[in-house]
Enquirer: 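One structure, as structure tokens, below. Some questions next.
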Protein chains: 2
Amino acid sequence: MLEFAILGLLHERPMHGYELRKELSTVCGGLRAFSYGSLYPALRRMKDSGLIAVDDTVAASKLLPADASAFTGKRGKVVYKLTADGKERFAEWVAETGPDAYDDERFGVHLAFFSHTACDVRLRILEGRRRKVEEQREGLATALARTRERLDRYTLELHQHGLDSVNREVRWLSELIDTERADQARDPAPGPRP
Amino acid sequence: MLEFAILGLLHERPMHGYELRKELSTVCGGLRAFSYGSLYPALRRMKDSGLIAVDDTVAASKLLPADASAFTGKRGKVVYKLTADGKERFAEWVAETGPDAYDDERFGVHLAFFSHTACDVRLRILEGRRRKVEEQREGLATALARTRERLDRYTLELHQHGLDSVNREVRWLSELIDTERADQARDPAPGPRP
DNA sequence: TTCGTCATGTAATGGGTTACATGATTAC
DNA sequence: GTAATCATGTAACCCATTACATGACGAA
């Protein structure tokens, strides 16, 4: 999850760890603030596996080159950029529409990078998510129906609020699906939309 | 978290693991379905530390006593009940109103067991949660204001839907707080309300 | 010159999941 | 008798967190 969010963000521009974390928590509405304890190790792993690389083209840089630390023991900013491999991996991930793609977190990340996603994939993901949320709704509704009288008013409130939220999400998704379909009908070209 | 949910559920009646899991996923609206891989080890830990105990008073039981497995290698249902220690621990936890009590999951569990919670504590938790959600809202709103024009329509939608959800939660909490205060004004006796 | 915030990292830990292994009970 | 579901458990793993350690840089 973290890794894909990083790939997605680096798609826009090269960034260093601290910057990535801020973007993660603010720019991408649904995405949470990962801690440095997971962010930096992730960056390292991704660098080692070739998905990202240190960007030393930072113009007129006062920044220490990443390797300088080996000599000086000092650390400078380390700006990362996507590699070809990283782009490819992200494209693969973005096109995945398996059942996992519809759980809360993954769906949020998917949506956050929908501008890098093909029309048909977008539609499939939105519909899959809607189906999943609808199933959740049914589960909640029947559970509520079966246990309504045994429940104290707080649990009842909790259930009811949950049900309302789920209903709102379904409506929201339906709207997104509608406009998506309308767009596709108007301009049936596939591929990402900027 | 799991442990407290278990304590809370056992407060109602003795149950075995499988049963607990179902209750966890259905009866308690917000609570998620924990896997057996976390549930059974938790039960064991709790038994070992004396918070719960095997309930062998299950009437006219066809169930194997828990120890029989030592002889036969067979396993029967294991029904657990709260011990005095367990009740005490749960009461302590239920009264905790530190900042952790307001994050999503913990708040849900707290609310699910509000009928075991003192009035004043209920109010403090509801208000704390509201404050936290309001802060979240401010964060989201300012992030949105600062980055609105850089964002594609999907991210914008995500933000907007998040903001709406948060707003609804604040309103919901405010209603709960109001009725809670009204109740308290009518009948200022402290202690749990059934 | 010191304080806040930017910036990078590691080690220990936590709290869960998945996959697996086993067996009892019920309904058909 | 066999399939579904009830029921208990373990081992390996995953993905994150907290707490800690370090240091650069700009502003008061």
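All chains are named by letter (A, B, ...) in the order of the sequence lines, taking the proteins before the strands, and each is independently numbered beginning at 1.
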Enquirer: Starting at atom CD of B:Glu105, determine the distance to atom C1' of C:dG14, rounded to an integer number of angstrom.
Expert: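 Whole-Å distance recorded here is 14 Å.
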
Enquirer: Is there a donor-acceptor pair under 3.5 Å between the side chain of A:Thr155 and the backbone N or O of A:Leu151?
Expert: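 No; zero donor-acceptor contacts below 3.5 Å.
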
Enquirer: Report yes if a side-chain nitrogen or oxygen of B:Arg44 is closer than 4.0 Å to either non-bridging phosphate oxygen (OP1 or OP2) of D:dT10; otherwise report no.
Expert: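 Yes, B:Arg44 has a side-chain N/O under 4.0 Å of OP1/OP2 on D:dT10.
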
Enquirer: Quick one, B:Trp93 with B:Arg106, criterion side-chain contact (heavy atoms from CB on, under 4.5 Å). Give me CA distance, side-chain angles, the key distance, then yes/no.
Expert: CA-CA 11 Å; B:Trp93 183 78; B:Arg106 267 202 59 176; 3.5 Å; yes

Enquirer: State which of C:dT10, D:dG9, D:dA7 makes the closest approach to the side chain of B:Lys77.
Expert: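 Output: D:dA7.
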
Enquirer: When the ring planes of A:Phe90 and A:Phe113 are compared, do they come out parallel, tilted or perpendicular, using 30° and 60° as the limits?
Expert: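 Correct class here is perpendicular.
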
Enquirer: Any donor-acceptor pair under 3.5 Å linking the side chain of B:Arg137 with the backbone of B:Leu163?
Expert: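 The answer is no, because no donor-acceptor pair under 3.5 Å joins these two groups.
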
Enquirer: So which nucleotide from D:dA16, D:dA7, C:dT8 ends up closest to the side chain of A:Met1?
Expert: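 Between D:dA16, D:dA7, C:dT8, the one nearest the side chain of A:Met1 would be D:dA16.
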
Enquirer: Could you check which of C:dG16, D:dT8, C:dG9 has an atom nearest any side-chain atom of B:Tyr18?
Expert: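 Output: D:dT8.
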
Enquirer: Categorize B:Ala33 for me: base, sugar-phosphate, or nothing, with a 4.0 angstrom heavy-atom threshold over every strand shown.
Expert: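 Contact class for B:Ala33: sugar-phosphate only.
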
Enquirer: Could you check which residues of residues 34-41 of chain B get a heavy atom under 4.0 Å from DNA chain C? Sort them by number, please.
Expert: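 Under 4.0 Å from DNA chain C: B:Phe34, B:Ser35, B:Gly37, B:Ser38.
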
Enquirer: Check each of A:Arg129, A:Arg130, A:Lys132 against A:Glu169 using the salt bridge (charged side-chain N to carboxylate O under 4.0 Å, His left out) test, and report the only one that passes.
Expert: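 Between A:Glu169 and the candidates, salt bridge (charged side-chain N to carboxylate O under 4.0 Å, His left out) is satisfied uniquely by A:Arg129.
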
Enquirer: Measure from CG on A:Leu24 to P on C:dA7 and round the result to the nearest Å.
Expert: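 Answer to the nearest Å: 16 Å.
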
Enquirer: In this structure, how many angstroms lie between the C1' atom of C:dG16 and the CD atom of B:Glu3, rounded?
Expert: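 Those two atoms, CD and C1', are 12 Å apart.
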
Enquirer: Can you pull out how bent the helix from C:dT1-D:dA28 to C:dC28-D:dG1 is, comparing the axes over its first five and last five pairs, to 10°?
Expert: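 End axes: 30° apart.
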
Enquirer: Using whole Å, report how far CE of A:Met46 lies from P of D:dC15.
Expert: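 Checked: the CE to P distance equals 13 Å.
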
Enquirer: Just N and O in the side chain of A:Arg45: are any of them under 4.0 Å from OP1 or OP2 of D:dC14?
Expert: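 Looking at the OP1 and OP2 atoms of D:dC14, neither is under 4.0 Å from any side-chain N or O of A:Arg45.
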
Enquirer: Check the distance between C:dG9's C1' and A:Leu20's CG and give it to me in whole angstrom.
Expert: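 From A:Leu20 CG to C:dG9 C1': 15 Å.
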
Enquirer: Can A:Arg21 be said to sit on top of A:Phe34's aromatic six-ring, NZ or CZ under 6.0 Å from centre and within 45° of the ring axis?
Expert: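 Verdict for A:Phe34: no cation-pi partner in A:Arg21.
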
Enquirer: In whole angstrom, what separates A:Asp100's CG from C:dT17's P?
Expert: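 Answer to the nearest Å: 15 Å.
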
Enquirer: Which nucleotide in the set D:dA16, C:dA7, D:dG9 lies at the smallest distance from any side-chain heavy atom of A:Leu2?
Expert: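 Per side-chain heavy atoms of A:Leu2, the pick is D:dA16.
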
